[in-house]
Amino acid sequence: MTERADDYGQYWDLYVRSIFPQIRAHDPAGERLAWPGDEWGTPEIWERIYQMVFAPELEPPPARAIEIGPGAGKYTGMVLDHCPTAEILAVDVSPAYLAVLEERMAPAMAAGRLATAQLLPEWDHLARLVAERGWRGSVDLVFSIDAMVHVDLQYLVAYWMAAADALRPGGKMIMSVADATSPHGFEKLMADVPTYFATQGKITSKFEWLCPPMVAHVLNRLGFDVRFLPKLAGRDCWFVATRRPPQAG
Ligand SMILES: C[S@@+](CC[C@H](N)C(=O)[O-])C[C@H]1O[C@@H](n2cnc3c(N)ncnc32)[C@H](O)[C@@H]1O
């Protein structure tokens with residue numbers, strides 16, 4: 001395994017196989033870190049996020065959902081548990097993270113409620129995966145939490161295009177992205193300067209910054225009505241983007 005990543009997938013493989021084990025080894029409460037991703041928050045916080053962000057939006061519960069960047073599946077598991085009719089396609093650039101997800105979610109995989117796919121560095125790969133499943137225009141929910149904070153808008157917009165193609169009219173995309181205009185976002189932007197300046201554009205876990213007007217403008221052009229979730233606004237900008245019917249888009 002190279003210690004240098006040339007693309008997003010390689011970086012997150014490195015995170016799972018090398019960086020996360022080091023974090024766990026140096027954490028005095030390391031035994032609480034069962035899966036990579038457990039180091040970001042606590043089960044109480046993730047449950048609160050589910051109740052505040054997902055629960056009000058998932059009535060009726062989704063039948064078809066797509067998750068981008070599931071990591072080890074903390075939100076995948078919650079959506080599967082709370083929405084007994086949901087079938088999820090979980091896509092990620094990192095084969096190592098997908099292997100962890102598949103291990104943790106083995107019962108859901110066996111029950112046919114969860115399928116996984118590695119995203120290749122091809123701009124329309126997600127849209128093709130959706131088309132291959134016969135899901136175009138029929139998906140109820142696309143979601144991605146704590147993942148797209150790391151993805152540059154020039155890449156992210158390809159996922160937003162794929163989501164516009166996949167979702168049925170009225171279907172929802174729930175997402176968090178990094179907000180440089182929020183007080184905490186601005187603090188992190190400044191605090192990270194010494195860490196990331198020397199990386200000179202290499203792929204790392206640095207944040208890729210956005211702000212609500214950019215999110216609203218681009219998604220509106222792609223056929224979505226965007227609602228921000230101010231109660232969650234901290235470092236990140238949280239939003240629900242609802243797919244307009246194509247004729248109005
Ligand atoms: C910080 S982890 C968050 C994982 C999970 N959503 C959670 O909250 O625990 C970031 C996730 O996004 C994935 N990811 C990073 N860059 C990506 C990209 N360009 N496209 C899709 N997934 C990406 C990583 O492989 C990883 O699974």
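Values in this document were obtained by computation on a predicted structure and should not be read as measured data. Both ligands and their constituent atoms are indexed starting at 1 by order of listing.
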State, without any angle test, whether Thr242 and Arg227 hold a side-chain donor-acceptor pair at a distance under 3.5 Å.
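Result is no, nothing qualifies.
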
Could you check whether any side-chain heavy atom of Arg133 comes within less than 4.5 Å of a side-chain heavy atom of Leu89, counting everything from C-beta outward?
yes

Ser205 backbone acceptor or donor facing His150 side chain under 3.5 Å:
yes

Does Ala96 offer a backbone N or O that forms a donor-acceptor pair with the side chain of Asp13 under 3.5 Å?
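Between the backbone of Ala96 and the side chain of Asp13 there is a qualifying donor-acceptor contact (under 3.5 Å).
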
Should the heavy atoms of other residues, nucleotides or ligands under 6.0 Å from CD of Gln154 be counted, would the total exceed 12?
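Check fails, neighbour count at 12 or below.
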
Start with the C-alpha gap between Met214 and Trp209, add the side-chain angles, then the distance that decides, and say whether side-chain contact (heavy atoms from CB on, under 4.5 Å) holds.
CA-CA 10 Å; Met214 287 172 75; Trp209 296 97; over 6 Å; no

Under a 4.0 Å heavy-atom cut-off, what residues line ligand 1?
Tyr8, Trp12, Trp40, Ile68, Gly69, Pro70, Gly71, Lys74, Tyr75, Asp92, Val93, Ser94, Tyr97, Leu119, Ile145, Asp146, Ala147, Met148, His150, Val151, Tyr159

